[in-house]
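Chain A is the first sequence line, chain B the second, and so forth, proteins listed ahead of strands; every chain is numbered from 1.
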Amino acid sequence: MKNLINFLIQYSVVFLFLILEIISFSLIVKNQEYQKSVFLTSSNSMVSGMYEWSNSVVEFFKLRAANDNLSEENTALKNQIINLQNKLSTLKPEISDSIHFRIPPEMEYRFISAKVINSSTNKLLNYITLNKGAIDGIKIDMGVISDEGVVGIVKTVSQRFSVVIPILNPKSDISCKFKRSNYSGGLIWSGEDYRYASLTDIARHVELSLGDTIVTSGYTSSFPEGIPVGNIEDFKIKESDAYYKIKVKLSVNFHTLSHVKVINYLNFQQQKDLEKKSEEQL
Amino acid sequence: MPTVLQNIFSFIFLVLFQVLVLNNIQFLGYINPYLYILFILTLPVQMPRWFLLVLAFILGLSIDIFSNTLGMHAFATVFVAFFRNGIVKLFTNIEEGNNPTPSFYTFGVSGYVKYIVVMVLIHHATLFTLEAFSFVHFWILITKILLSSLVTILLILGIQSIKTK
C-alpha cells in the first residue's frame, strides 16, 4: 500500500499530464458534433462580442471595396427591375384571369443580410462567424452567399451569432452543376489554396472547356438553383480514370469577405418533411 | 509578486495578440505563427511541474475557444509544457537551487536559441498534425510546420532580444 502511494506521488505529474491530454483529445473528438459545442466556440457571446469590436476597426479599411461592390450590385439590380417590369407588363392580362394562383418558387426565398466578424482561410478546417443569430431568424442548414457567389452553410446558431462552414472546409459538401450542360457533382476543398476547390463526380463523357461557369444545382435545400460558385481553371483526366479532376476557381474571395446574405428558404421544413416521409414509405 | 502580475498581463496580452492579430496573418497561405507559446517558454525554470501543466492547459484552451479548434491548442501546449524541463536540462547547466527565468542572459545565446527552436518545433508539429488529423497531405503539412515555426521562432527571438534585463 505504501509502495503504491509512493508510486502515485512520484509519478503524479505524469498522471496529470496524461489526464490533461486525454481531456484535450476528447474535446477534439467531441468537437465533431459541432452543434453541441456552441458554448466553447466563437459563437459564445463574449468571444463574439470581442470579435465584433475588433472587426469594427478592420472594417473601416475595407469600406472602399465594399462601396464599389454595392454600387455595382445596385446597377445590376436596377437593370433587373427594368427588365422584370417590361416582362410583367406584357404578362399582365394572362395573370389576371388565372384561377390557379400560387406563390411561384422564385418567391420562396428571403435574404437576411449579415456581417462577417471572424473568418480564416489558412487552416485546414476554416470557419466563419456572423453577427446574426437565432433572434434574426437564422437556422441551422441555411445557405450563405455573398454578392459574388456561394459562401457556405450555417452550422451553429446562438441567440445573436452563428458559425458558418464555408466551402473552404473539407466538411462542407455543396452540390454544383455546369451552367451550360446541367451535369452535377460535389464541390470539395483540398486544403491548399483558398482561391481554388475541386469538383468531383463528373464522368468522362461530359464535354468541358476552360472557363465554364459552375453554379449551385438546387438539389440541396440550402441553396436555390443557379447561384455562381466559380469557373473551371484547369481539368485533367487519365486514360484509366472514369472521372475528371477539375480545378475550380471560386468566385468568392474569402480573404476579403465582409458582408453576406443568409438564405431563408420558406418551404425548407415542408420539403424536408416530405422527403423524409417518402423515404420511410419505401 | 511583481513577477506574478507580469505573467498575468503577458498571458492576457499574448492571447489577445494571437487571436486578434496573428490569426489573421495569412501570408502565402501557409504561415500562421503561434506566438502565444512564448508564455510557457518564459515561465521560471523551477516552477512546480503540475502548475506548469495546468497553466499550459488553460492557455491552450483560451486560444481554442477563440479559434474554433476545441482541444487542439490545449493538447499541443500541454504536450510541450511536459517536455520543457527535460529540454532545459539538455541545453543548459543551471546550478541546484537557482530559479532563473529563461532568457539570453541566463541560458547563454546558443543554449537559449536551441531551447526556443526545439520547443517551438515540438509545439507546431503537434498542433498542425492534430489539425490535419482526418486529412492526408503530407508535404503541405511539413511545409506548414516548418514555415510557421520559422516565423514564430524569429518573432520570439526578436521580442526577447529587445527586452532589457
Quiz prompt | F51(B) side, atom CZ; L16(A) side, atom CG - distance, nearest 0.5 Å | solution = 12.0 Å
Self-check item: Aromatic ring pairing F82(B)/F17(A), orientation class (parallel under 30°, perpendicular over 60°, tilted between)
Solution: parallel
Exercise. Evaluate whether atom NZ of K115(A) has more than 12 neighbouring non-hydrogen atoms of other residues, nucleotides or ligands under 6.0 angstrom away.
Key: yes
Practice problem: Look up atom OG in S24(A) and atom CG in D64(B), then write down how far apart they are to the nearest 0.5 Å. | Solution: 8.0 Å
Quiz item: At their closest point, which heavy atom of L20(A) faces which heavy atom of V54(B), and how far apart are they?
Solution: CD1-N, 4.1 Å
Quiz item: So, for G71(B) and L27(A), which heavy atoms are closest and what is the spacing to 0.1 Å?
Solution: CA-CB, 4.0 Å
Self-check item: From R49(B) atom CZ to S12(A) atom OG, the distance as rounded to the nearest 0.5 Å
Solution: 9.5 Å
Practice problem: Can you tell which part of F75(B) gets under 4.5 Å to a heavy atom of chain A, answering side chain, backbone, both or neither? | Solution: both
Quiz prompt | I23(A) versus F57(B), closest heavy-atom pair with distance | solution = CG2-CZ, 3.7 Å
Quiz item: Could you go step by step and tell me if F66(B) and N118(A) meet the side-chain contact (heavy atoms from CB on, under 4.5 Å) rule?
Solution: CA-CA 10 Å; F66(B) 278 99; N118(A) 179 33; over 6 Å; no
Quiz item: With a 4.5 angstrom heavy-atom cut-off, which part of L20(B) approaches chain A: side chain, backbone, both or neither?
Solution: side chain
Exercise. Please state whether the side chain, the backbone, both or neither of L52(B) comes within less than 4.5 Å of a heavy atom of chain A.
Key: neither
